[in-house]
A.B. asks: 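Just passing along the structure, written as structure tokens.
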Amino acid sequence: MLPLIASLGLLVAACGGGGSSGAVPAPTAPPGLWVPNFFGANVVAFDARQRAQSGTPNPALTNKSAAIDSPEEALFDASGNLWITSCSDPVIGAGAIMEFTSDQLKNLKKDPTPNPNVTLSDNGSFDIFGCPYGAAFGSDGSLWASNRFSADLVNFTPSQLSVGGVQFPDTKIVSSSFGNPEGIQFDAAGTLWVADIEESEIFGFKAATLAAAEGTTADLTPDIINSSASINGPADIFMDPSGDQWVSNCLGDTVVEFAASDVAASGSPTPVVVLSSTSVSTPPGASFSLDCPEGVAFDKSGNLWVSNAVSDNFGSIVEFTPDQLTASGSPVPNIFLDSDPAGDNLNQPALFTFGPSVK
């Protein structure tokens, strides 16, 4: 498996500093911030107090399981179990998807190297996985994942997830439109959105299209293709409650917002907001607010959080307040969570998630 910087070079050839501020009040009953560290080969969790002010916090919990190799996305299922996509794996390198139960997560302080409760693995011929990257649960509890290097989407049913092991996908979607698909997300209507870093486009597969493909391997043209000139190497996509589409541009160092009405059909829309990078001061000297942004997500207070793969030492996570998102510009992040000098807390953070509170 190639590291991100090397793989970005492959993409060109072929193809998750401290800003303004002081502490802000911690939200009531806040979730934890769970972050997969690609180079760190672990998943760390920060509690509300640690993410309430800029700095280099030590994680409250760290999952150092030996099974975690090149993790790309962390997400929780409805039962509070943590699922992790790993672009590679310690055996053959095809990648894997694994589950750690909520009980295992509660015990991470005592056992930071748990064996996964469930692991979905390849059969040795790369027929199942080729760098699983983004992941999303469907309304039926099935799990969809994007394979970046084999350029397809795979789906596993709840029964397959409960068994683990070598499971051939219940549904696989291939497309001539795909280059290197990364982050994926469902919207409220059941459309599955895909950020493709090589093609610099966002693809949408509607619920009816996915239903028709169920149980098969289907070669499909996306129902919707967003090919805006403002999309440059997208790593992740987030649909907010209004239906607007937020995209992190790893190769453009921007985060952009498209209006819901502008992405309802294929086209080349103009974003309503473009957040650009700016220099911010950090203990080592200076860094950039957006530097190969990967993961994007909103917390319950409407703040936008972004993980930067190569910012400062070994990456960073930044927060922008709702007031900073109303117009285009280069705002200094309200919160700048920086990697420490050794990269022990953050080390190329990828597609993160908000989850259970960390105690």
Side-chain angles (χ1 to χ4, degrees), residues 4-5 7-8 11 16 33-38 71-75 85 87 133-136 146 148 179-187 192-204 226-240 244-259 263 269-278 280 287-299 302-312 315-321 324-325 328-331 333-337 346 348-354:
L4 176 66
I5 304 304
S7 62
L8 287 179
L11 170 61
L33 176 62
W34 296 77
V35 184
N37 282 314
F38 181 88
E72 296 291 7
E73 178 148 23
L75 71 164
T85 63
C87 185
Y133 206 102
S146 60
R148 180 180 177 184
N180 287 155
E182 293 198 351
I184 64 176
Q185 190 200 7
F186 281 99
D187 66 16
L192 181 61
W193 295 92
V194 182
D196 195 301
I197 194 169
E198 179 182 4
E199 297 300 320
S200 286
E201 292 180 320
I202 303 298
F203 306 126
N226 180 349
S227 56
S228 170
S230 295
I231 299 177
N232 185 1
D236 200 13
I237 182 171
F238 190 94
M239 306 300 290
D240 70 21
D244 284 4
Q245 187 181 94
W246 293 80
V247 177
S248 59
N249 286 310
C250 177
L251 302 186
D253 295 334
T254 60
V255 174
V256 296
E257 175 194 13
F258 296 97
V263 295
T270 298
V272 295
V273 170
V274 177
L275 300 180
S276 301
S277 187
T278 188
V280 291
S287 186
F288 292 103
S289 57
L290 296 172
D291 198 348
C292 186
E294 283 243 343
V296 286
F298 283 86
D299 64 21
N303 303 301
L304 175 66
W305 293 77
V306 183
S307 60
N308 289 303
V310 295
S311 172
D312 210 359
S316 63
I317 298 179
V318 298
E319 177 219 57
F320 299 98
T321 67
Q324 294 179 303
L325 306 178
S328 296
S330 301
N334 181 56
I335 300 294
F336 191 103
L337 301 182
L346 295 172
Q348 197 180 298
L351 310 188
F352 61 91
T353 189
F354 292 99

A.B. asks: Does any non-hydrogen side-chain atom of P349 lie less than 4.5 Å from one of N308?
C.D. replies: no

A.B. asks: For E72 and F38, indicate whether the former's side chain and the latter's backbone hold a donor-acceptor pair under 3.5 Å.
C.D. replies: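 Side chain of E72 to backbone of F38, a donor-acceptor pair under 3.5 Å: no, none is there.
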
A.B. asks: Have E201 and N226 got a donor and an acceptor in their side chains that come within less than 3.5 Å?
C.D. replies: no

A.B. asks: Shortest non-hydrogen contact from S307 to F352?
C.D. replies: N-CE2, 3.6 Å

A.B. asks: Can you tell me if D236 uses its side chain to pair, donor with acceptor, with the backbone of S248 under 3.5 Å?
C.D. replies: no

A.B. asks: Is N303 close to L325 at the side-chain level, that is, under 4.5 Å between some pair of heavy atoms?
C.D. replies: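 Heavy-atom side-chain distance check fails, nothing below 4.5 Å.
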
A.B. asks: Would you name the heavy atoms of E319 and Q324 that are closest together and state the gap between them?
C.D. replies: O-OE1, 4.2 Å

A.B. asks: What residue among V272, V247, I237 forms side chain to side chain contact (heavy atoms under 4.5 Å, CB included) with F258?
C.D. replies: V247

A.B. asks: Could you tell me if the ring centre of W193 sits under 6.0 Å from that of F238?
C.D. replies: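 Ring-ring flag for W193/F238: false, centres at least 6.0 Å apart.
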
A.B. asks: Heavy-atom distance under 4.5 Å between the side chains of D240 and E257, does that happen here?
C.D. replies: yes

A.B. asks: Can you see which heavy atom on S330 is nearest to which on S277, and at what distance?
C.D. replies: OG-O, 3.7 Å

A.B. asks: Spell out, as yes or no, whether a donor-acceptor pair under 3.5 Å connects the side chain of D312 to the backbone of G315.
C.D. replies: no

A.B. asks: Looking at S146 and R148, would you say the former's side chain and the latter's main chain have a donor-acceptor pair under 3.5 Å?
C.D. replies: no

A.B. asks: Treating S200 as the side-chain partner and G233 as the backbone partner, does any N or O pair qualify as donor plus acceptor under 3.5 Å?
C.D. replies: yes

A.B. asks: Run the numbers on L290 and V306 for side-chain contact (heavy atoms from CB on, under 4.5 Å), then give the verdict.
C.D. replies: CA-CA 8 Å; L290 296 172; V306 183; 4.0 Å; yes

A.B. asks: Roughly how far, to the nearest 0.5 Å, is CE of M239 from CD of Q245?
C.D. replies: 5.0 Å

A.B. asks: Looking at P293, is its backbone amide N or carbonyl O close enough to the side chain of D253 to form a donor-acceptor pair, meaning the two atoms are under 3.5 Å apart?
C.D. replies: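 Absent.
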
A.B. asks: Does a donor on one side chain and an acceptor on the other come within less than 3.5 Å for S316 and S311?
C.D. replies: yes

A.B. asks: Looking at P181 and Y133, what are the two nearest heavy atoms and their distance?
C.D. replies: O-CB, 4.3 Å

A.B. asks: Supply the atom-to-atom distance L304 CG to F320 CZ, rounded to the nearest 0.5 angstrom.
C.D. replies: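 Separation between the atoms: 7.0 Å.
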
A.B. asks: Would you say the side chains of N249 and T254 form a donor-acceptor pair under 3.5 Å?
C.D. replies: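 Judged by distance alone, the side chains do pair up.
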
A.B. asks: Start with the C-alpha gap between W246 and F298, add the side-chain angles, then the distance that decides, and say whether side-chain contact (heavy atoms from CB on, under 4.5 Å) holds.
C.D. replies: CA-CA 10 Å; W246 293 80; F298 283 86; 3.6 Å; yes

A.B. asks: Measuring only between side-chain heavy atoms, which start at C-beta, is W305 closer than 4.5 Å to L337?
C.D. replies: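 A side-chain contact under 4.5 Å exists here.
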
A.B. asks: Under 4.5 Å between any side-chain heavy atoms of F288 and T278, yes or no?
C.D. replies: no

A.B. asks: Can you name the closest pair of heavy atoms from L346 and N37 and give their distance?
C.D. replies: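 So the minimum-distance heavy-atom pair works out to CA-OD1, 3.4 Å.
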
A.B. asks: If I take atom OG1 from residue T353 and atom CD from residue E73, how far apart are they, to the nearest 0.5 angstrom?
C.D. replies: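 Taking OG1 in T353 and CD in E73, the distance rounds to 7.5 Å.
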
A.B. asks: Compare all side-chain heavy atoms of V263 with those of I202 and state whether any distance is below 4.5 angstrom.
C.D. replies: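 V263 does not reach I202 side chain to side chain.
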
A.B. asks: Do S228 and T270 have side chains that get closer than 4.5 Å, going by heavy atoms?
C.D. replies: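 No, every pair of side-chain atoms sits at 4.5 Å or beyond.
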
A.B. asks: Report yes or no: does N180 contribute a side-chain atom to a donor-acceptor pair with the main-chain N or O of E182 at less than 3.5 Å?
C.D. replies: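 No, N180 side chain to E182 backbone: no donor-acceptor pair under 3.5 Å.
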
A.B. asks: If you apply the rule side-chain contact (heavy atoms from CB on, under 4.5 Å), what do you find for V255 with V273, and how did you get there?
C.D. replies: CA-CA 8 Å; V255 174; V273 170; over 6 Å; no

